[in-house]
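So that the names make sense, note that chain A is the first sequence line, chain B the second, and so on, each numbered from 1.
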There are 4 protein chains.
Amino acid sequence: MPRAEREREMLDAAVRVIGRSGYQAASMDEIAEAAGVSKPLVYLYLNSKEELFTACVEREARTLVGAVQAGVRAGDPPDRQLWRGLTAFFRYAAERADGWQVLHIRARTHGEPFARLADTMREQILALVTALIADAARSEHGTRDLPAREVEGLAHALVGAAESLATRAGSDPTLTPAESARTLMAFAWTGLEGLVAGRRWAAGE
Amino acid sequence: MPRAEREREMLDAAVRVIGRSGYQAASMDEIAEAAGVSKPLVYLYLNSKEELFTACVEREARTLVGAVQAGVRAGDPPDRQLWRGLTAFFRYAAERADGWQVLHIRARTHGEPFARLADTMREQILALVTALIADAARSEHGTRDLPAREVEGLAHALVGAAESLATRAGSDPTLTPAESARTLMAFAWTGLEGLVAGRRWAAGE
Amino acid sequence: MPRAEREREMLDAAVRVIGRSGYQAASMDEIAEAAGVSKPLVYLYLNSKEELFTACVEREARTLVGAVQAGVRAGDPPDRQLWRGLTAFFRYAAERADGWQVLHIRARTHGEPFARLADTMREQILALVTALIADAARSEHGTRDLPAREVEGLAHALVGAAESLATRAGSDPTLTPAESARTLMAFAWTGLEGLVAGRRWAAGE
Amino acid sequence: MPRAEREREMLDAAVRVIGRSGYQAASMDEIAEAAGVSKPLVYLYLNSKEELFTACVEREARTLVGAVQAGVRAGDPPDRQLWRGLTAFFRYAAERADGWQVLHIRARTHGEPFARLADTMREQILALVTALIADAARSEHGTRDLPAREVEGLAHALVGAAESLATRAGSDPTLTPAESARTLMAFAWTGLEGLVAGRRWAAGE
DNA sequence: GATGAATGAGCTTTCATTCAT
DNA sequence: AATGAATGAAAGCTCATTCAT
């Protein structure tokens, strides 16, 4: 079997095993066995456990960001962009459940080399969402009355909500990507429209 | 030093160490040293690494749920309940950063015994929020036009948004609990009010 | 068993095993078994294979240099100093055959950390011998007609000869330290006296 | 490229690599790469790491012994024979530094198969030197008053001295083979002449 | 109540060696 | 004649856990 293909299978196996048991708990023995090869071969191709994991995270991050960016089409109206981005995201999380685990749970759990990678990916998504919200505010309003700091907060909230719904969908197979996206659009877009339109909850404290 | 107090100090140390380095990376040696006692004493009191971690998770979960429940006062109007619950939550995450790490990151990263505990805690919070949203819909509307499944989805979204904002606050010390709560209320409550009032985003797909 | 004693026994075992099979060939398992303890204990006390070996080399070097220095008494006439130094050296090599192997063969065979240590030891011995020869030349002659570079060469030759005779004695148990010392004195001192007295072989090339 | 030549290049590479890093530290990968061929080819020609090393040691031993024997011309007077033998030896050690390392350090460091080979070579040299010394004694004296055992000891001393000076020359490039040979002749021949002439150091102990 | 001393089990990594082509 | 692909075996090291005191 040619090297490139074997390597891909190893990454598949690693994502599967690490996604399920975590980085530390996954032993190289286990990963090699899941890939159907011997351990030395894994080392020959991927060099070390750390590099192997890095390669997994990078590949999954590229896949996810790519899918979301492909969904968000610059010309569309903001709500449609968001809707399609979310759908792409939930679809990724459903179809590559182990990959999503690797990105969302496993990578963020381990010091420097991995957490930074996962953060970079998350920040790319956050930037997308931030731009979207700012855009919506501007297009609705003529001028943006939402300060950057607040927009960023909203983006964080939105991304966190999406992550949470993806996790929920992971444990309830009847929840389709479309339904999760609909739920989140209902929650988020209605609120954002309101905000943009000047409706705002006033603290009673 | 009386046993109860020593035990508390051990848990403090364990939460600190595990919160920072993770369950697997934290060695019993390290924890014992951080607690200022010898390793056998840790075993005498807490029996095993697993039980020690379980005790940490349980204590932190009790603390967090307690704080949130104390905030949510049954008689208050729904928005005020939510506001106070969120404030309590962000305050906990800020004041006991290591504890929050243990609950949010560390516990969910390790098989069965711990993930289940963390889930239980999360579900208590979710139940609280779900009830709150249903309540708001009912009080505003007379009848709830929001089906249970959707309310649950909204609750998940809200909780995920809160978690994300807590993480954000963790890496930007200028973000106070109140500001995080305000951001989330702006995001969530405006939308919820809209939903309840029948405003709803219509999918274009 | 108290730590200090155990540690000494570990070093004994390590010197024995490494002296016989060499640094690389000696496994930590083997050394631990020879010391009658478990491998983790060896690591607990000596930290790593490298540090363990370093400790061996240092201890043996100290022992050997100490023995030789104790033999060479500053007040004695040079030939007597040399004779006693050599006797002490051959006695060490005979009594601690494994230690001698460690210093002479094993340590010089491995990069930087160890070779340097062994070299340092050898240089201490060389310095001693160099001083002795220079001294002999001076005392015999009033003035030294032997240039430093040549004296150094002679010292190297003498030390090499001693090492070679020690190795020979190692494989022929009937050779006592005294006999080796006598052989070398016969070889070296007669020549040195001759050199000092101006007798010198003239190259025919 | 014809097999014989390829094989020679492999041995060259092996001597180079093993001479510098040692037998164990040198990996077959490294040697194959240094030889500019693939690993299986090394196995095809040399069968195993052990046989490869054996071939190296044998070749270098043959080269060294051959060079020394070519120097020692049977008809010459003993001192001239020794002088030329030493010069040949130091020249070999300087010109084939890696080969000398292999013989002197690497081969003697590893069990049975190699140490024996190196010993055989050393014994050939020792026999040469022993014969030379006995010869000198006889020719000077009519009858040899030096017992065989002592002559052997002197030969060991002389060879050890030569080895030590070769090592010294290895770390100081200004030392030419001729100078090393001169130093050793000064040291050894003056003494041997004295011995033969009946001058002898009398132990004071 | 508290600890110094000790270990079984397991993990990552490396390397000599061999097929199939 | 030559190699890319693959592996069995073993080594260094760590850690949760337990006695004996």
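A heavy-atom distance below 4.0 Å to DNA chain F is reached by none of the residues of residues 7-21 of chain A.
Toward the 5′ end of DNA chain E lies the nearest nucleotide of A:Lys49, the other residue of the pair D:Ser48 and A:Lys49 mapping further downstream. Map C:Gln24 and A:Pro2 each onto its nearest nucleotide of DNA chain F; the residue landing nearer the 5' end is A:Pro2.
Remark: B:Glu33 engages no residue in a side chain to side chain contact (heavy atoms under 4.5 Å, CB included) (not counting sequence neighbours). Considering only residues two or more places apart in sequence or on other chains, C:Glu7 meets the salt bridge (Lys or Arg N to Asp or Glu O under 4.0 Å) condition with C:Arg3. When the side chain to side chain contact (heavy atoms under 4.5 Å, CB included) test is applied to C:Gln101, the partners found at least two apart in sequence or on another chain are C:Ile105, C:Arg106. Residues that satisfy the salt bridge (Lys or Arg N to Asp or Glu O under 4.0 Å) test with D:Asp119, not counting sequence neighbours, are absent from this structure. Residues satisfying the salt bridge (Lys or Arg N to Asp or Glu O under 4.0 Å) test with B:Arg6, not counting sequence neighbours, are none. Under the salt bridge (Lys or Arg N to Asp or Glu O under 4.0 Å) criterion, A:Arg116 pairs with A:Glu112, not counting sequence neighbours. Residues satisfying the ring pair (Phe, Tyr, Trp, His ring centres under 6.0 Å) test with A:Tyr23, not counting sequence neighbours, are A:Phe53, A:His110, A:Phe114. For C:Lys39, the side-chain hydrogen bond (donor to acceptor under 3.5 Å, both in side chains) partners at least two apart in sequence or on another chain are C:Asp29.
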Side-chain polar contacts of residues 9-20 of chain B - donor-acceptor pairs under 3.5 angstrom, sequence neighbours left out - could you list them?
{"residue": "B:Asp12", "atom": "OD1", "partner": "B:Arg59", "partner atom": "NH1", "Å": "3.2"}
{"residue": "B:Asp12", "atom": "OD1", "partner": "B:Arg59", "partner atom": "NH2", "Å": "2.7"}
{"residue": "B:Arg20", "atom": "NE", "partner": "B:Asp98", "partner atom": "OD1", "Å": "3.2"}
{"residue": "B:Arg20", "atom": "NE", "partner": "B:Asp98", "partner atom": "OD2", "Å": "3.4"}
{"residue": "B:Arg20", "atom": "NH2", "partner": "B:Asp98", "partner atom": "OD2", "Å": "3.0"}

Between the protein and nucleotides 18-21 of chain E, which nitrogen or oxygen pairs are less than 3.5 angstrom apart?
none

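In the set F:dG12, F:dA6, F:dA2, the nucleotide with an atom closest to the side chain of D:Leu44 is F:dA2. Of the candidates E:dA16, F:dA16, E:dT12, E:dA16 carries the atom nearest the D:Ser27 side chain, counting heavy atoms from C-beta on. The nucleotide whose nearest atom lies closest to any side-chain atom of D:Ser38 is, among E:dT3, F:dT3, F:dG12, F:dT3. Distance from the side chain of B:Val37 is smallest to E:dT3 among E:dT3, F:dT17, E:dA5.
Counting any heavy atom pair closer than 4.0 Å across all strands shown, C:Ala26 reaches sugar-phosphate atoms only and no base atom. As judged by a 4.0 angstrom heavy-atom cut-off over every strand, C:Arg3 is placed among residues touching the sugar-phosphate backbone only.
Checked options B:Glu51, B:Glu50, B:Lys49; the residue passing with B:Asn47 is B:Glu51 (criterion: side chain to side chain donor-acceptor pair (under 3.5 Å)).
Of the side-chain N and O atoms in C:Arg6, none sit less than 4.0 angstrom from OP1 or OP2 of E:dG4. Here C:Tyr45 reaches the OP1 or OP2 of E:dA6: one of its side-chain N or O atoms lies under 4.0 Å away.
Two end axes, each from the C1' atoms of five base pairs, can be drawn for the helix from E:dA2-F:dT21 to E:dT21-F:dA2; they diverge by 30°, to 10 degrees.
Rounded to whole Å, the distance from CG on B:Leu46 to C1' on F:dT17 is 14 Å.
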